[in-house]
Protein chains: 2
Amino acid sequence: MISGVATLDDVARRAGVSTATASRIINGSSKPVSAALRDRVEAAVADLHYVPNAHARQLARSERTAVGVVVHDVSDPYFAEITRGLQRVATTDGRLVIICNTYRDPARELDYVELLRAHQVAAMVLAGSGYHDAGFARALRGKLRAYELTGGRVAVIGRHDRTGDAVVPDNEAGGYLAGEHLYALGHRDVGVIAGPRNLTTTTDRLTGVRRAARSHHRPPPKVAYADFDRDSGARATADLLAAHPRLTAIAALNDSMAVGALAHLRGVDRRISVIGFDDMPIARDVTPALTTIRLPLADMGALAMSLALSPPSPHPRVERVPAELIARESTFPLDATLSVRP
Amino acid sequence: MISGVATLDDVARRAGVSTATASRIINGSSKPVSAALRDRVEAAVADLHYVPNAHARQLARSERTAVGVVVHDVSDPYFAEITRGLQRVATTDGRLVIICNTYRDPARELDYVELLRAHQVAAMVLAGSGYHDAGFARALRGKLRAYELTGGRVAVIGRHDRTGDAVVPDNEAGGYLAGEHLYALGHRDVGVIAGPRNLTTTTDRLTGVRRAARSHHRPPPKVAYADFDRDSGARATADLLAAHPRLTAIAALNDSMAVGALAHLRGVDRRISVIGFDDMPIARDVTPALTTIRLPLADMGALAMSLALSPPSPHPRVERVPAELIARESTFPLDATLSVRP
DNA sequence: CTTTCCCAGGAAAGCGCTTACCTGGGGAGG
DNA sequence: CCTCCCCAGGTAAGCGCTTTCCTGGGAAAG
């Protein structure tokens, strides 16, 4: 009863049994125990408000029970959605999940991987990683490899230069779908609001848009870089429009930035098509309702967690997730755009 | 080196020192150690990819380091915002935060409190609790009390029948503000889209709206109950309008439901004022931009975490957080409403 | 009334780490 | 050249729990 916290010893002493017996009763061991002792131990547990020390138990059992998740930021709707899926399957499996926010800081990401390993997690899933930085990539690969060598399981969401289980959304195809949609509507001058340059999500989606431009025999779209959030999207839209007044359509590489673009456009009274990416819940509630490329984020999270919790397979499993066009009201034919300008 | 995981023993053996020395070097203890040994130990750590077992360390040090957070659901924007604030101060304090989602299941909430206690967290903060259920409340109080008796700190966000540190938003005043705004605009028939009946958040806000009705000598507003999410809000709006065709204004008790209301209204072509609650990021991006009652959610989270991390005070500290009206475009005078109906 | 077997319950050895305490050998002082 | 002191480094005792192995006594069998 050091520092006021009741221990198994306290319980055993109070019930007049050995710690072995108390432990068996508390854990519902299969070993038979007389009803009298059971009652006494249970009474002691209740009286002392005893709760077993999870660390001591973990140490003694030396089995890994929790799982770790490292993402950019759970508060961000994109990751919130992924996390929802992750949690669902982790909880179903009776596991505690430890969530770590990196805020896109590579150093922090490395630290968290180590911290999770120190906490003996059974598995970890990484999302929103995948920076274009050779040094970081090597360090991360090293840490993950070390973790896997000791029996840890890891699954990654998104493209990664690492071989291992992964869930990878088809961002390139999604980007193509977005561009294709715009060019097919007759737009000739398309702008792109991109995310941070060093993320593969950005480059993959952008590559897709560019491919669409090529296949329609158009020059590469103009690109402005932003931060995947609403306000930076609004700013980038303003910049892009100022620099290229002839644009009639904008592909934002995620919905948050698309919403920002819409907000900016509302202010300047220009009728420009906007397409987003991800199909976040907000997409259908803005006006005009946002045309976007849907990714089944929650499912991706769930899938990644099941991969991470399943026994390792000799060949890394890579689940490709297709993107899908959701046409709503924020995109329209070039004709419609022009007819409005008198 | 059981099961492939390197232990301190392995490191010490490889470096040819005792575990005590290895431990001192790894932890940067103040005790002086020769440079030669230091190098050897550091090399061994690197070679073996050694990471100290957090559970063993925690057990040996028996100091509490992590903190726990129990909320309804981190993916929900309301709690995401609160969590963002919480994390900020916890991380600044160098603490691991364990997030638990209850999905409004009281049993799960109780379990999580126990689990966090088992994990020896230094503090926990509860948000989105506060059900009207005497049995649950008693059980929760008991568990929290037991935890505090052993030196644990707890802070609560929202009204609670428990005495202890808390940050409580002034939901009643906010509700009044919402109602007052609507009645002052000339509306005579106001409807309320409420959240789950058993939450104090719902009842407090509702009480406020009712008070506004009384002070304007109007009968109590008609109420439809929903679940604090968008779709239930849309459904409740439909029901309410069907039952009371003369309504000209709706107060939704959170923004998600207000957005649902707006979505429904868009379909039925009726010009009705809608006010929300919380001022979530989405509020300014829907059309019409949502008038709402702002609560500084991230700050509330931060405040709660600082309370929880500060030394206990003899008198429980209760921080009241004021609500503020943010007028945007979704509410307008009754005249405007009527003039549109030909 | 013995002997054998069985089983409820206890003793004790760890799990991996930290740390209070002890030890031995070298440098300084006599 | 001998003491004494000092300090780098080691020894070992836990931290709170689980679990293997052992024990003793009662029931069953002779």
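What you see is a predicted model; the values in this text were computed from it and never measured. In the text below, chain A, chain B and the rest are named by the order of the sequence lines, each starting its count at 1.
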Exercise. Say you draw a straight line from CG of A:Asp111 to OG1 of A:Thr102; how long is it, rounded to the nearest 0.5 Å?
Worked result: 11.0 Å

Exercise. Would B:Thr150 and B:Arg117 count as having a side-chain donor-acceptor pair, cut-off 3.5 Å?
Worked result: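 No - no donor-acceptor pair under 3.5 Å links their side chains.
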
Problem set entry | A:Thr7 and A:Asp9 side chains, donor-acceptor separation under 3.5 Å | no

Can you check the [X] [atom1] to [N] [atom2] distance for me, whole Å?
{"X": "A:Arg61", "N": "D:dG16", "atom1": "CZ", "atom2": "P", "result": "17 Å"}
{"X": "A:Leu59", "N": "C:dA13", "atom1": "CG", "atom2": "P", "result": "17 Å"}
{"X": "B:Asp10", "N": "C:dG16", "atom1": "CG", "atom2": "P", "result": "9 Å"}
{"X": "B:Asp9", "N": "D:dG10", "atom1": "CG", "atom2": "P", "result": "13 Å"}
{"X": "B:Asn53", "N": "D:dC15", "atom1": "CG", "atom2": "P", "result": "18 Å"}
{"X": "A:Arg40", "N": "C:dA8", "atom1": "CZ", "atom2": "P", "result": "16 Å"}
{"X": "A:Leu37", "N": "C:dA8", "atom1": "CG", "atom2": "C1'", "result": "8 Å"}
{"X": "A:Tyr50", "N": "D:dC17", "atom1": "OH", "atom2": "C1'", "result": "7 Å"}

Exercise. To 10°, what angle do the rotation axes through the five end pairs on each side of the helix from C:dC1-D:dG30 to C:dG30-D:dC1 form?
Worked result: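 Nearest ten degrees gives 50° for this helix.
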
Exercise. Can a side chain N or O of B:Thr21 be found less than 4.0 Å away from OP1 or OP2 on D:dA8?
Worked result: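 False: B:Thr21 side-chain N/O out of range (4.0 Å or more) of D:dA8 OP1/OP2.
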
For this session: Would you please confirm or rule out a distance under 4.0 Å between OP1 or OP2 of D:dG10 and any side-chain N or O of B:Ser18?
Result: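 Yes, B:Ser18 has a side-chain N/O under 4.0 Å of OP1/OP2 on D:dG10.
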
Problem set entry | salt bridge (Lys or Arg N to Asp or Glu O under 4.0 Å) partners of residues 135-147 of chain A, not counting sequence neighbours, each pair once |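 Only A:Glu114-A:Lys143, A:Arg141-A:Asp161, A:Arg145-A:Glu148 qualify under salt bridge (Lys or Arg N to Asp or Glu O under 4.0 Å).
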
Problem set entry | side chain to side chain donor-acceptor pair (under 3.5 Å), paired with B:Asn27, selected from B:Ser29, B:Ser30, B:Ser23 |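 Of all the options given, the one that passes is B:Ser23.
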
Seminar exercise, completed: Of all heavy-atom pairs linking A:Tyr147 and A:Arg153, the shortest is CE2-O, 3.4 Å

Exercise. At their closest point, which heavy atom of B:Pro196 faces which heavy atom of B:Phe228, and how far apart are they?
Worked result: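 Scanning both residues completely, I find the closest heavy atoms to be CD-CD1, 3.6 Å.
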
For this session: Assign the ring pair B:His55 / A:His55 to parallel, tilted or perpendicular, where the plane angle (0 to 90°) is split at 30° and 60°.
Result: tilted

Counting heavy atoms from C-beta on, name the nucleotide in [options] closest to the side chain of [X].
{"X": "B:Ala20", "options": "D:dG10, C:dG16, D:dC17", "result": "D:dG10"}
{"X": "A:Thr19", "options": "D:dT18, C:dG10, C:dG16", "result": "D:dT18"}
{"X": "A:Ser34", "options": "D:dG16, C:dG16, C:dA8", "result": "C:dA8"}

Exercise. With distance as the sole test, does A:Tyr78 use its side chain to make a donor-acceptor pair with the main-chain N or O of A:Asp73 at under 3.5 Å?
Worked result: no

Problem set entry | DNA chain C contacts among residues 22-32 of chain A, heavy-atom distance under 4.0 Å | A:Arg24, A:Lys31, A:Pro32

